[in-house]
Amino acid sequence: MFDQLLSATDSAFCTLSSEEQGKILRFQQAILQSVIQSDSYLDEISLVCRLGEQLLPNSVGSVMLLDDAGKLLNVLVAPSIPPEGIATLNGIKPGTGSGSCGNVIYHQSPQFVSNTFSDPRWQDIRDIAYNFNLCSCWSVPIYSRNRKVIGTFALSSFEHRSPTSFHTILLEVGAAIISIMLDRKKSQDSMLLFEKVFEGSEEGIMVTDPNQKILSVNHAFTEVYGYTLDELRGQTPKKLASGQHGPEFFQALWKQINTRGNWRGEIWNRRKNGEIFPEWLSISAVYDQSNALTHYIGIFSDISELKSAEEQILYLSTHDNLTGLPNQATFKNRLEQALALATNHSCNVAVINLDLDKFKWVNHSLGLQAGDLLLTSVASALKQCLSDADSVCRIASDEFLIAISGCEDTETISTIVDKIIEKVAQPIQFSGQTLSLSCSVGIAVFPTDANNYDDLVNRASEARRQAKKSGGNCYHFSCEQLNTDSLEFLRISHELRDALAENRFVLHYQPQIDLSTGRLVGAEALIRWKHPSQGLLYPGKFIDIAEQTGLIADIGNWVLKEACTQSVAWQKTGLPPIVIAVNVSALQFRRGDIVKIVESVLEESGLQPNLLELELTESILLENFEQTLGQLNELKALGVKLSIDDFGTGYSSLSYLNRLNIDKLKIDQSFVRQIGNPANDAIIRAIIQMGHAMGYRVIAEGVETETMKTYLITSQCDEAQGYLFAKPVANEAFLQFVLEQKLMLQQGIGAELKI
Ligand code: C2E
Ligand code: MG
Ligand code: MG
């Protein structure tokens, strides 16, 4: 600006007389002095006008500026023009007849009018010239920093006169100085504005030098970080580092700032109190006109609240507000993952729908608060019953969904559900009252009942409706058969345990007859259960469950002991020795202790080993043949007899049979029942022949008719057992039966039994 001032005046200045030059220099000096002393730019500009007036007596100085729109001229200062004059001058629209100043703007050049009364450049505002006796008016442009004409500096005289070089220089110097003053004012204004923005900003701002030394931080910055400006000045931003970001993070950050001029992103920093917090930071590099780096400016906002709000929103969108359990969308997600995993590992997943019984009653009679409390406590009870791998959610007011992974069988599921029902029913206290509720539960099992989320959930709720229909406080499996089976299974296995402890089992005995002599040669011991409410139960009702629960081992041991003891007792009452046949299960062999048990039972009872016959099923032989064979050989070595029960129904291969050291084959009753059917008869004959070829005796079971007996005799079957001779009966009846047969024999009555 000063360059411009000098160059504008330089050459013309030299043409002035030394007195005139002195005047111009003093003019400048006086203004300079006022700039140092004064606070107001308007005072300074007024002074320029007044000094101009002094150097051009009988004149008035004025400065006019274009409005913001750049359309109209208004008076900025005119210290010697009265207010009414200023009023008439305001609002001049630049044009060819708009006076000296209007023409300066219009033509963008100085305008010197010596006679305002006649000059056409004044034709539109001639009144002003007359009214205020402004006879001549010289006006020059005031420029902005970027060389745009923004206003005028004029000296108007009360006489007609033309400017000399001195006057022209005076006006140009004056205009240049006013330009500087206006520019300085503008800078001050924007500086003031910047300061206001800097301090008033809600965002934290930091300014550093090119070496990242902190020069300034604003109020918001100190508020967020807890440091004062003095504590930070001269430090680098490293003072604020949280340690959360590695060196690569900062390398990338500075690389971007130095190549692109800015960086924007999320960063974790540390407050003075040590707290780490996230901020959204924008760093810009500032360059001067020569493209040299002068500053870095960092602007940030603390986003900890935003972050925790985000987390909160995420939590709310995935959880149930009241209970804190995952919501259905989250549950679905988890269940689908569990199903995928279960598919890969061939496992089951149980989906459980649980609905509280009569929950509405709680809400209606005790109020929503009690209802909420109950739901929250049910939610925590459910969580307690489940492992971390399982999921639970609330899908409606009092309806919950549960997913349990890796349950091997329905018994495991039933056990967990029982626990859940029991937990849910635990009473809670509310306003001095004790509340407790039952629930109805529906269970669907993947992959048996369905193989996708929707179907499993539907099946589980359908099953839950069934549970409700049955009066609630119970559970239903989706598959009805499974339901009854499962309940029955649980009940019976529970009761079997008690039966064993309470000695509720009893043995019945069924005679075995030698077909060639008609003599009683043995008896099969068959177990019965004296059920407290259902009367005498047959093995078909409970033996499978005893097998599945493993109870058969203990039951089998009891049978062995009881049968042997009984057989010895018979001998003591005078009966001839009778071979007692005892059924043994595969589990007894699997446990590996059958030999020891038989040995000790024989020892304890005192029964001769050859009077004990163990009936094995073909399934025993199919399982781990070599181990079983070893046990069978040891049993044989004890002197015990072995028979294969239900022969023909299993898959015994002849090669196996050949290696077994057994005594008897028992033809299964399904063949005996069909005697008379040629194909079936051929099988019976083949079994008998094969048995004999291997050195075994053959017995037929289920012999009910004379025809059957006759056929078996003609087929050379050795022994028979069946209702034709006697049904299995209790000990007393068995003794009675034997004695009756003996009496009949003694009396010569054609009896079947020969003892
Ligand atoms: P099983 O060993 O084949 O026993 C023969 C079954 O046929 C017995 O049924 C018997 O009552 C029945 N039975 C005998 N004669 C006739 C007849 O002429 N007609 C008809 N229709 N049935 C006849 P039960 O007592 O119901 O026993 C069934 C099965 O339970 C037995 O078949 C056996 O496998 C098993 N079992 C019985 N007691 C025991 C035991 O103490 N331990 C083990 N592991 N299993 C046992
Ligand atoms: Mg049997
Ligand atoms: Mg049988």
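Remember, it's 1-based here, ligands and their atoms both numbered in the order they're listed. All residue numbers refer to positions in the sequence shown, counting from 1.
- Here the angle at the Mg ion (ligand 2) defined by OD2 in D645 and OE1 in E615 stands at 80°, rounded to 10 degrees.
- With rounding to the nearest 0.5 Å, the separation of CD1 in I675 from OG1 in T705 is 7.0 Å.
- In summary, of the residues considered (K664, Q512, R519), a side-chain hydrogen bond (donor to acceptor under 3.5 Å, both in side chains) with E719 occurs for K664 alone.
- For ligand 1, the atoms sitting less than 4.0 Å from at least one non-hydrogen atom of G722 are 15 (N), 18 (O), numbered in the order shown with element in parentheses.
- Nearest non-hydrogen protein atom to atom 19 (N) of ligand 1 is E704 OE2, 2.5 Å.
- In terms of protein heavy-atom proximity, atom 18 (O) of ligand 1 is nearest to Y723 N, 2.8 Å.
- The CG atom of L520 sits 5.5 Å away from the CZ atom of F734 when rounded to the nearest 0.5 Å.
- Checking I555, L724, V559, L526 against atom 31 (C) of ligand 1, the nearest heavy atom belongs to L526.
- Judged by distance alone, the side chains of D409 and T412 do bring a donor and an acceptor atom under 3.5 Å apart.
- At a 3.5 angstrom cut-off on N or O pairs, R528 counts as close to ligand 1.
- For the Mg ion (ligand 2), the nearest N, O or S atom contributed by E524 is named OE2.
- In terms of protein heavy atoms, atom 39 (C) of ligand 1 is closest to I527 CG2, 3.7 Å.
- With a heavy-atom cut-off of 4.0 Å, H508 does not touch ligand 1 at all.
- In the vicinity of E524, heavy-atom distances shorter than 4.0 Å reach the ligand 1 atoms 1 (P), 2 (O), 4 (O).
- Distance CD/E604 to NZ/K561: 5.0 Å, rounded to 0.5 Å.
- In this structure, atom 21 (N) of ligand 1 has protein heavy atoms in its sub-4.0 angstrom surroundings.
- In terms of protein heavy-atom proximity, atom 3 (O) of ligand 1 is closest to D646 OD1, 3.1 Å.
- One distance of note links CG of L660 with CE of M694; it measures 9.0 Å at 0.5 Å rounding.
- Contacts with ligand 1 closer than 4.0 Å are made by no heavy atom of K666, backbone or side chain.
- Of all the heavy atoms of D645, the ones lying under 4.0 Å from any atom of ligand 1 belong exclusively to the side chain.
- Donor-acceptor pairing under 3.5 Å is recorded for the side chains of S440 and D357.
- Under the 3.5 Å distance criterion, the side-chain polar atoms of Y696 are left unmatched by any main-chain donor or acceptor of I644.
- Classification of E462 and R465 as a salt-bridged pair holds, one side-chain N sitting under 4.0 Å from a carboxylate O.
- Heavy atoms of G702 approach ligand 1 to within less than 4.0 angstrom.
- Using a 30° and 60° split on the angle between ring planes, F505 and W558 fall in the tilted class, from 30° to 60°.
- Between the choices M708, Q669, Q510, the shortest heavy-atom distance to atom 6 (C) of ligand 1 belongs to Q669.
- In terms of protein heavy-atom proximity, atom 27 (O) of ligand 1 is nearest to P539 CG, 3.4 Å.
- No donor-acceptor contact under 3.5 angstrom links the side chains of Q534 and K541, judged on distance only.
- Near E615, with a cut-off below 4.0 Å to any heavy atom, the atoms of ligand 1 are 2 (O).
- A donor-acceptor contact under 3.5 angstrom links the side chains of N583 and E524, judged on distance only.
- Among all protein heavy atoms, the one lying closest to atom 43 (C) of ligand 1 is N583 CB, 3.5 Å.
- Cation-pi geometry between K727 and Y723 is met: the NZ or CZ atom falls under 6.0 Å from the ring centre, inside 45° of the normal.
- Residue E701 touches ligand 1 through its side chain alone, judged by heavy-atom distances below 4.0 Å.
- Of all N/O/S atoms in D646, OD1 sits nearest the Mg ion (ligand 3).
- Atom OE2 is the N, O or S atom of E701 at the shortest distance from the Mg ion (ligand 3).
- At a 4.0 Å cut-off, at least one heavy atom of P728 sits close enough to ligand 1 to count as contact.
- Put simply, OG on S567 and CD1 on I580 are 5.5 Å apart, with the number rounded to the nearest 0.5 Å.
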